[in-house]
Amino acid sequence: MSPVGNENRVLSGLVEIGRGLATVMSHFGREPVTLEYPEVMPDLSTRFHGRLCLLTKSDSTDLCIGCKACARVCPCDDLIQIEMHRDENKKPVIDRFTIDIGRCIFCGNCTEVCPVDCIKMLSDFELADYSREALVLDKFDLNLPGEASDQWRVEHGLEKTVK
Amino acid sequence: MSDIQGITIERDIQSEDMVVNIGPQHPSTHGVLRLVTTLNGEVVKNMEPVVGYLHRSKEKMGENRTFFQYQPMIDRVEYLSAFYDHYVYCTALETLAGLDIPKRVQYIRMITMELNRISSHLLWFGTFLLDLGATSPFFYAFRDREKILKLFEDISGARMMYNYYRIGGLNADIPDGWIEDVRRVINELPKRFAEYEAIVNKNPIVMDRCIGIGIINTEDCLKYGVTGPALRACGVAQDLRKTNPYCSYDEVDFDVPTSTDGDVYARYQVRIQEMYESLRIVHQALDNLPGGEPADIRKLQAEYDAVATEIKEAKKRVIVAQKQETEPEPADVKKMEEEPPELDKDWRIQGKKKVNMVSFKPPVGECMSLVESPRGFLGCYLISDGSPKALRIKWRGASYSNLSILPSMMIGNLYPDLMAVFGSLDVILPEVDR
Amino acid sequence: MSEEKQSESKEAAKDDLPPVIEPGVYGELLEKKKFKVQHLGMDAMGVEMIEVAAESLLRVAEYLRDNKKCQFDLLVSVSGVDMVDYRLSVVHLYSLSSNESLCIKVRADEKEAVPSLMPIWPAVDWHERETYDLMGIIYEGHPDLRRILMPTDWIGHPLRKDYVENDPRLVWNRR
Ligand code: SF4
Ligand code: SF4
């Protein structure tokens, strides 16, 4: 390569690097786009696929009718386990309802098929725990109290009170 | 003496060949890929990709799950552009079952797919330049990709594993205000792309490392089945969106960017141009979205529902009057004959026949649906025997074929070019291994 | 009366032969050239499907690649399908010039063997290795037929319907 060509190359290279640097420098004055996470919580959408919960009626009694539709559509085997019986009035009583959050892939299939809009998702994503056993949530952990359930329903445009 | 790219290697200083294992855990392989490379000094003498580290038997999973159960698994086949995977899967089943898809669904699918293409190309852009040693573009690309992922989170509830398309429609309509958000983002992105181009396009280091490296031509591409931007960078304007239009791509106007050089730099330029074209498609699709804002549709639906209930009540009154053998009110009789107005069927988010996802059974048959994913031809070959589970689901990932060309591109070239060449192919390993 | 009709129609349905399948464009072309092909009609997407005997596969493939009217130059995929009694190797082709697709099916013989398409489309290399790995179809003439996705010491071919899951012969399943 001739020395003249080389000189041109060096010059244009310097100009281009200068242009790139100017673009980089122009970022100094801009607003930061990152969040200081534990202090500032991210603004999540209402459809966020977070921890599963069971909504309850307004008086905090079970809404679930034990139809097991959610367990059938779940892509993971035996992830949702339901045991139920019917009392003397043929009303369903849920004896056991466990979800293994450790194996859940948060796909939202279960929330779509529930006939009574009972199993739903919260925007809670901080689910880490110290043991695997603690990740198996039972009915006590999953049930959302009546007031919170009502609030959830209002936020997501469902009927407010379910009797 | 051998002369490679202007560098002369003395035979004298050469000793024996060295075998280097690049990967499986290597920051530049974007996944788990092992390249068994035989080096002669700096020159690659032989290379053998070893894949399969990420094999999760997605095809077998499809055979022992119902179609609805399998749907969340599809996201994981190729997680950077999961909307495409869902699209091929849903189209395969929809064509098998003969469902017609409302226009609104097609447009929403088109918008999300094109945004997905941009987000996938942005990730490629960032990591490709990171492999070349530039750090700032990585941050910029991820910053802008985050905005698109936020849009996806609003619409589907997840940033990467969307599970949003359904057989015959969508999971839910777009949320209120989403269209405005998309407009805001896509109006801002061209400025950002211009910034990227200012940093990278003429940068002497990038040019030296990209121009004239990893040259392939059309014959090579066909020999290895390479498709997508790598094929278009060889001068073939092959884009399934144009040549075999699916969804509603025949209703939007866009170009297929090509380049004739076939080197790393050409592939870079084709992808950058593709992002601009995707923005064009999103703009048009938003403008022509049938039905527009979901709030408007809801309002209209409420009005129509009110009319329908009126008619129903009139009917009831007439029947009661007939039972009591009295003359029904003439207004009621007139009302009874009216047809309740219906929402334009193009505005729905589910086809006319609502598919019961849980017990969906397609008829016996088979189908190969192909789409143009950000990496090339993405296909889903689906055979159904009429049961709620598939007989066979085969994924044709573009990366699988695109990766197989890597050895022939590298043999005889310098080892330091490997990451530039490999990065320019935009291979994503989960799609290779499935 | 109606019952009689129903039973009649049922009988008629029993006697009905399978519907005659119209040959597609490429099937007809091949038949004119005296190749033995079996027409399978169109798939749901309107892609023509043909079945070819293993002996004539290579000649058919060469014709499809080189003939001016076909020019199937891009190999899209090779998939193995287990039909329980026999196994199929399904090849999907695409033509860059006419933008048409074609699907060729080849039945594997008792020894699970099918001629390799390597001489015609070198792109089948990894696809045939994958089909061998997952379905156990042996491609005769493939220069380097090894497992690709599964570990090299794996036993069995996982996509077969008779595959035993958690095979105790594999070390990691002996717990
Ligand atoms: S979110 Fe998905 S994986 Fe989790 S419990 Fe529901 S269906 Fe199962
Ligand atoms: S689908 Fe709903 S009602 Fe049925 S068992 Fe699950 S949570 Fe209960």
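The chains referred to below are lettered A, B, ... by the order of the sequence lines, with proteins before strands, and numbering in each begins at 1.
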I'd like to check B:Met368 versus C:Val47 (side-chain heavy atoms, cut-off strictly below 4.5 Å). Are they in contact? no
| task | Scan side-chain atoms only and decide if C:His127 and B:Ser404 contain a donor-acceptor pair under the 3.5 Å cut-off. | result | no
So, the part of B:Glu59 with a heavy atom under 4.5 Å from chain C: the answer is both
Turns out that what part of B:Val50 lies under 4.5 Å from chain C's heavy atoms comes down to neither
The interface call for C:Arg65 against chain B, heavy-atom contacts under 4.5 Å, is neither
So, the part of B:Leu240 with a heavy atom under 4.5 Å from chain C: the answer is side chain
When every non-hydrogen atom of B:Tyr224 is compared with those of C:Ala123, the smallest separation belongs to C-CB, 3.5 Å
Taking a cut-off of under 4.5 angstrom between non-hydrogen atoms, the residues of residues 245-262 of chain B near chain C are none
Residue pairs meeting ring-ring contact (aromatic ring centres under 6.0 Å, His included), one or both in residues 46-75 of chain C, sequence neighbours left out, come to C:Tyr26-C:Phe72, C:Phe35-C:Tyr63
Whatever's closer than 4.5 Å to a heavy atom in chain C on B:Asn64 counts as side chain
With chain B, the option among C:Pro158, C:Cys103, C:Ser101, C:Ser79 that has the most non-hydrogen atom pairs under 4.5 Å is C:Ser79
Under a 4.5 Å heavy-atom criterion, the part of residues 128-138 of chain C in contact with chain B comprises C:Glu130, C:Leu134, C:Met135
Cut-off 4.5 Å, heavy atoms of chain C, and the answer for B:Leu370 is side chain
Discussion item. Within a 6.0 Å radius of atom NZ on B:Lys58, are there more than 12 heavy atoms belonging to other residues, nucleotides or ligands?
Written reply: yes
In this structure, OG1 of B:Thr243 is separated from CG of C:Leu96 (nearest 0.5 Å) by 8.5 Å
So B:Gln238 and C:Leu74, do their side chains get closer than 4.5 Å, heavy atoms only? no
Okay, C:Leu75 and chain B: the region with an atom under 4.5 Å from a heavy atom over there is backbone
Would one find more than 12 heavy atoms of other residues, nucleotides or ligands at under 6.0 Å from atom NZ of B:Lys242? yes
So OH of C:Tyr94 and CG of B:Asn244: to nearest 0.5 Å the spacing works out to 3.5 Å
Taking a cut-off of under 4.5 angstrom between non-hydrogen atoms, the residues of residues 147-155 of chain C near chain B are C:Ile148, C:Leu149, C:Met150
CG (C:Asp73) and CG (B:Leu222) are apart, to the nearest 0.5 Å, by 5.0 Å
Is the backbone of B:Leu391 close enough, under 3.5 Å, to the side chain of C:Lys161 for a donor and an acceptor to pair up by distance? yes
Okay, B:Glu63 and chain C: the region with an atom under 4.5 Å from a heavy atom over there is side chain
Applying a strict 4.5 Å limit to non-hydrogen atoms, the region of B:Lys60 in contact with chain C is both
Bottom line for C:Val78: the part with an atom under 4.5 Å from chain B's heavy atoms is backbone
When the 4.5 angstrom heavy-atom criterion is applied to B:Ser57 and chain C, the contacting part is neither
Quick one: are B:Phe377 and C:His92 in side-chain contact, heavy atoms under 4.5 Å? no
request  = Would you check if the side chain of B:Arg392 reaches a backbone N or O of C:Asp82 as a donor-acceptor pair within less than 3.5 Å?
outcome  = no
